[in-house]
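This is a predicted model, so every value here is computed, not measured. Throughout, a chain's letter reflects where its sequence line sits, starting with A, and its residues are numbered from 1.
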Amino acid sequence: MPELPEVETVRRTLLEGGLAGLAIVAVRVLHPDAVHWPDTARFSRELQGRRIDGVRRRGKFLLLDCGGRTLACHLRMTGRLWLSAAQEAHLSHTHVVLELSDGRELRFRDVRRFGGFTLMEPDGSMGPPLLARLGPEPEELSLADLARACSRRAGSPVKSLLLDQAFVAGLGNIYADEALHRAGVHPGRTCGSLSTQEQGAVRRGVRTVLREALRHRGTTFLDFRDGAGEPGAFQAFLRVYGREGLPCRRCTTPIAKTRIAGRGTHLCPRCQPEGE
DNA sequence: CCACGATCCTGCTAGC
DNA sequence: TGCTAGCAGGATCGTG
C-alpha cells in the first residue's frame with residue numbers, strides 16, 4: 001500500500017531515471033478505469049506532445065507537471081508507475097502507457113484498479129477532490145494542529161485521526177500503526193484522552209517512522225515497486241505491522257492484531273497500554 | 001459536525 | 001486436490 005515514503009520514492013526514482021525533460025509522444029489507455037478525468041480520448045489527445053517538466057508529490061498524490069497541465073496520479077493499493085524499456089514484456093494489469101521521446105515508456109499498472117490518473121484542467125479545476133482538502137505534510141504538522149484536532153475529535157480513536165488525509169497527508173495503515181507503536185500510544189485511545197506529552201510523542205512517532213521508511217525506500221509486501229521497478233527495504237524494520245504473534249522488538253511481548261477504525265490494527269499490548 | 005459500514009477490485013490463503 | 005469464503009485496504013458515499 002503505497003503511503004508517503006513509497007510515493008516519494010517513486011517520485012525520486014522517476015527523476016533519477018531521467019523522466020523530467022522527456023516529451024509524451026503517444027498515449028495508450030488499455031483500461032479506461034485508470035483514467036478518472038477526462039474521458040480517455042481527451043486524456044490521450046491533450047497529453048500527447050506535452051513535455052514532462054517535473055514530478056512533485058502532495059500526500060499520496062504524484063503530480064506530473066506537463067507543459068502547463070498537471071497530471072495527478074494516485075497509486076491507491078496496488079498501483080505502480082515506472083520507467084520501462086519499450087521492448088520490456090508487459091506486466092499483467094498494465095492500464096496506461098505513456099510513450100516517451102527517448103524511446104522508453106512510463107507505465108502504470110494496478111491489479112485492483114483503485115488507482116489512476118486525473119488530468120487537471122488548465123485552471124486547476126477537476127483535480128481529485130481530496131487533493132484540495134489535504135492537510136499538511138507530516139513535516140509541517142504543528143503541535144497546535146494536533147492539539148486542535150484532538151479537542152475537535154475528542155471521542156474518536158487516534159488512529160482514525162492519523163488516517164484522515166484532511167488532517168495530515170500521507171499516512172496509511174502501515175505507518176499509522178508504526179507511528180503509534182513508536183509513540184507508545186494505543187491506536188484505540190481517544191484523541192481527547194491524550195496528554196500534551198502523548199500528542200508530542202505521536203507527532204514524533206509519525207515523523208520518525210516516515211523519515212526512516214523513506215531512507216529505506218519504502219515498504220514492499222507484495223506490490224510496491226519504485227519508479228525503476230525496484231522494491232523497498234523497510235519491511236525488515238517494521239515493529240508491529242504484519243508481525244502478529246511475533247515478539248515486540250522493544251519488550252518481547254507478542255504483537256496483537258485487532259480492528260480499529262475499520263482497519264486491521266497491530267500493536268504491542270505492553271508498550272501501548274489501552275487505558276491512559 | 002462526526003463516526004461507521006458498505007463499496008470498489010483482484011489475488012492470496014485458510015479451511016473444509 | 002480443489003473449491004470457496006474471507007481478508008487485504010485508500011478513499012468515497014450513504015446512513016445514523
When rounded to the nearest 0.5 angstrom, what is the spacing between CZ in Arg152(A) and CG in Leu161(A)?
8.5 Å
Applying the 3.5 Å cut-off to both distances, the Watson-Crick or G-U partner of dT1(C) turns out to be none
Between [X] and [N], is there a side-chain N or O to OP1/OP2 distance below 4.0 Å?
X	N	value
Ser156(A)	dC2(B)	no
Tyr175(A)	dG10(C)	no
His93(A)	dG11(B)	yes

Whole-Å distance separating the [atom1] atom of [X] from the [atom2] atom of [N]:
X	N	atom1	atom2	answer
Arg263(A)	dC4(B)	CZ	C1'	11 Å
Leu163(A)	dC4(B)	CG	P	12 Å
His266(A)	dC7(C)	NE2	P	14 Å

Are the aromatic ring centres of Tyr241(A) and Phe221(A) under 6.0 angstrom apart?
yes
Assign the ring pair His95(A) / His31(A) to parallel, tilted or perpendicular, where the plane angle (0 to 90°) is split at 30° and 60°.
perpendicular
For the base of dG10(C) and the side-chain ring of Phe114(A), does the geometry meet a stacking cutoff of under 5.5 Å between centres and under 30° between planes?
yes
Which listed nucleotide ([options]) is nearest to the side chain of [X]?
X	options	answer
Arg112(A)	dA3(B), dT12(C), dG9(C)	dG9(C)
Leu130(A)	dG9(C), dT12(C), dG10(C)	dT12(C)
Lys60(A)	dA11(C), dA8(C), dA3(B)	dA11(C)
Arg153(A)	dG9(C), dT12(C), dC2(B)	dC2(B)
Met1(A)	dA11(C), dC2(B), dG10(C)	dG10(C)

Might you work through the side-chain contact (heavy atoms from CB on, under 4.5 Å) test for Glu99(A) and Val27(A), ending with a clear yes or no?
CA-CA 6 Å; Glu99(A) 297 179 19; Val27(A) 178; over 6 Å; no
On DNA chain B, check which nucleotide each of Gly262(A) and Arg152(A) is closest to and give me the residue with the more 5' one.
Arg152(A)
